[in-house]
K.L.:
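Below is a structure I'd like to ask you about.
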Amino acid sequence: NWLMTGGTFNNTNIAITMNGAGNQDISSTGAFKNLTINKLTGLVTLSSNVTVNGVLNLTAGKISINNSNLTIGNSGSITNASATNYIIAAGTGTLSQQVLAGSNKVFPVGLTNAYTPATITYTASSTTDIMNVRMLNALYLGGLSGDIITNGAVNATWLISENVIGGSDANIILQW
């Protein structure tokens with residue numbers, strides 16, 4: 001588990017690895033340079049907002065953001081995401097990453113038992129912005145609530161937003 005109970009964590013050049021058996025929790029708001037998830041069993045869960053300014057390395061296992069936000073810094077990246085190594089984004093928290101004009105960014109998110117990433121590609125004329133992705137584990141008639149649609153539908157809803165409204169011209173690919 002990662003818990004700061006006082007003082008200041010100044011992580012400028014080191015890597016923190018969450019490994020070992022069983023569930024682990026990151027319950028201190030802060031910024032990591034590099035964070036590695038290497039869990040052959042168990043799950044890493046966020047209980048507070050976390051920023052990774054370097055590399056979030058998903059070597060093995062999943063990280064659940066629940067109702068906290070996971071921000072990848074503007075020069076940061078996510079590596080080794082796969083159908084078994086991804087970010088569970090099924091709460092009110094979001095995975096946030098900067099998408100540059102004329103480029104794309106993969107948001108390796110999913111539900112507890114389903115890897116369902118989103119890829120956002122900005123056109124060259126788009127404005128660089130921070131994009132936020134989270135998910136719901138069903139398709140609701142009213143968007144965020146209401147009756148669940150089960151016929152001809154994927155059991156997932158991606159909620160995608162931008163930090164600065166307007167200026168984004170994006171193509172979005174959803175995988176399930």
Side-chain angles (χ1 to χ4, degrees), residues 1-2 16-29 32 35-52 55-73 76-99 104-122 129-163 168 170-176:
N1 290 333
W2 183 267
I16 303 297
T17 300
M18 302 297 285
N19 59 11
N23 294 332
Q24 292 178 305
D25 184 66
I26 299 176
S27 56
S28 296
T29 300
F32 292 88
L35 177 63
T36 296
I37 307 302
N38 189 13
K39 303 283 296 172
L40 297 178
T41 61
L43 179 70
V44 174
T45 301
L46 296 187
S47 295
S48 60
N49 297 332
V50 168
T51 298
V52 177
V55 176
L56 172 60
N57 185 358
L58 300 170
T59 303
K62 301 171 188 151
I63 182 169
S64 177
I65 60 177
N66 286 328
N67 299 325
S68 300
N69 297 318
L70 175 59
T71 301
I72 305 303
S77 63
I78 301 172
T79 61
N80 296 316
S82 70
T84 56
N85 310 328
Y86 60 89
I87 299 160
I88 299 171
T92 59
T94 62
L95 169 61
S96 300
Q97 298 186 86
Q98 182 183 62
V99 182
N104 68 35
K105 190 74 71 156
V106 175
F107 289 74
V109 297
L111 302 167
T112 302
N113 295 313
Y115 180 50
T116 51
T119 301
I120 300 173
T121 303
Y122 273 5
D129 201 351
I130 305 291
M131 297 299 291
N132 312 291
V133 176
R134 70 182 183 100
M135 299 190 69
L136 301 174
N137 60 2
L139 178 61
Y140 294 96
L141 186 60
L144 298 176
S145 63
D147 293 336
I148 296 175
I149 301 170
T150 57
N151 291 333
V154 175
N155 285 335
T157 298
W158 292 258
L159 302 169
I160 300 173
S161 64
E162 57 189 345
N163 276 10
S168 296
N171 293 312
I172 298 173
I173 298 173
L174 305 174
Q175 178 183 323
W176 63 90

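No experiment lies behind these values; they were computed from the predicted model shown.
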K.L.:
Run the side-chain contact (heavy atoms from CB on, under 4.5 Å) test on V44 and K39 for me, step by step, so that the C-alpha distance in whole Å, both residues' side-chain angles and the decisive distance to 0.1 Å come before the verdict.
P.N.:
CA-CA 8 Å; V44 174; K39 303 283 296 172; 3.7 Å; yes

K.L.:
Using every non-hydrogen atom in the two residues, find where N85 and G61 come nearest and quote the distance to one decimal.
P.N.:
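For N85 and G61, the tightest heavy-atom pair comes out as OD1-N, 2.8 Å.
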
K.L.:
Just do the side-chain contact (heavy atoms from CB on, under 4.5 Å) check on L56 and I87 with the steps written out, would you?
P.N.:
CA-CA 10 Å; L56 172 60; I87 299 160; 4.0 Å; yes

K.L.:
Begin from the C-alpha positions of I65 and I88 and carry the test side-chain contact (heavy atoms from CB on, under 4.5 Å) through to its verdict.
P.N.:
CA-CA 6 Å; I65 60 177; I88 299 171; over 6 Å; no

K.L.:
Using 0.5 Å steps for rounding, measure from the OG1 atom of T121 to the NZ atom of K105.
P.N.:
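Interatomic distance, T121 OG1 to K105 NZ, rounded to 0.5 Å: 11.5 Å.
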
K.L.:
State, to 0.1 Å, how close L174 and I160 come at their nearest heavy-atom pair, and which atoms those are.
P.N.:
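Residues L174 and I160, closest heavy atoms: CD2-CD1, 4.3 Å.
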
K.L.:
Give me the atom names and distance for the closest heavy-atom approach of A60 to L40.
P.N.:
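Nearest pair, atom of A60 first, then L40: CB-CD2, 4.0 Å.
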
K.L.:
Check whether R134 reaches the backbone of A90 with its side chain - one donor and one acceptor, N or O, closer than 3.5 Å.
P.N.:
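No, the answer is negative, given that no donor and acceptor are paired below the 3.5 Å cut-off.
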
K.L.:
Closest heavy-atom contact between A114 and Y86?
P.N.:
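Of all heavy-atom pairs spanning A114 and Y86, the closest is N-OH, 3.2 Å.
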
K.L.:
Provide the closest heavy-atom pair for N104 versus T119 in the form atom of the first, atom of the second, distance.
P.N.:
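Looks like CB-CG2, 4.4 Å.
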
K.L.:
Quick check for you: to the nearest 0.5 Å, what is the distance between I120 atom CD1 and W158 atom CH2?
P.N.:
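I120 atom CD1 to W158 atom CH2 measures 12.5 Å (nearest 0.5 Å).
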
K.L.:
Checking N155 against N137: is there a side-chain donor and acceptor pair closer than 3.5 Å?
P.N.:
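There is no such pair between these side chains.
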
K.L.:
Would you call L95 and I78 a side-chain contact if the rule is heavy atoms closer than 4.5 Å?
P.N.:
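Side-chain contact under 4.5 Å: yes.
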
K.L.:
Should F32 and T51 count as side-chain neighbours, where that means a heavy-atom distance under 4.5 Å?
P.N.:
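They are not in contact (no side-chain heavy atoms under 4.5 Å apart), so the answer is no.
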
K.L.:
Just by distance, no angles: are the side chains of N38 and T17 close enough, under 3.5 Å, to form a donor-acceptor pair?
P.N.:
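Not at all, the side chains of N38 and T17 share no donor-acceptor pair under 3.5 Å.
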
K.L.:
Quick one: pull up OG in S96 and CG in N132 and give me the separation to the nearest 0.5 Å.
P.N.:
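Reported value, rounded in 0.5 Å steps: 3.5 Å.
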
K.L.:
Tell me yes or no: between the side chains of N80 and N57, is some donor less than 3.5 Å from an acceptor?
P.N.:
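Per modelled atom types, N80 and N57 side chains form a pair under 3.5 Å.
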
K.L.:
Between S168 and Y122, is the side-chain contact (heavy atoms from CB on, under 4.5 Å) condition met? List the steps.
P.N.:
CA-CA 7 Å; S168 296; Y122 273 5; 3.1 Å; yes

K.L.:
Let me see the working for S47 and D25 under side-chain hydrogen bond (donor to acceptor under 3.5 Å, both in side chains), right down to the final yes or no.
P.N.:
CA-CA 7 Å; S47 295; D25 184 66; 2.5 Å; yes

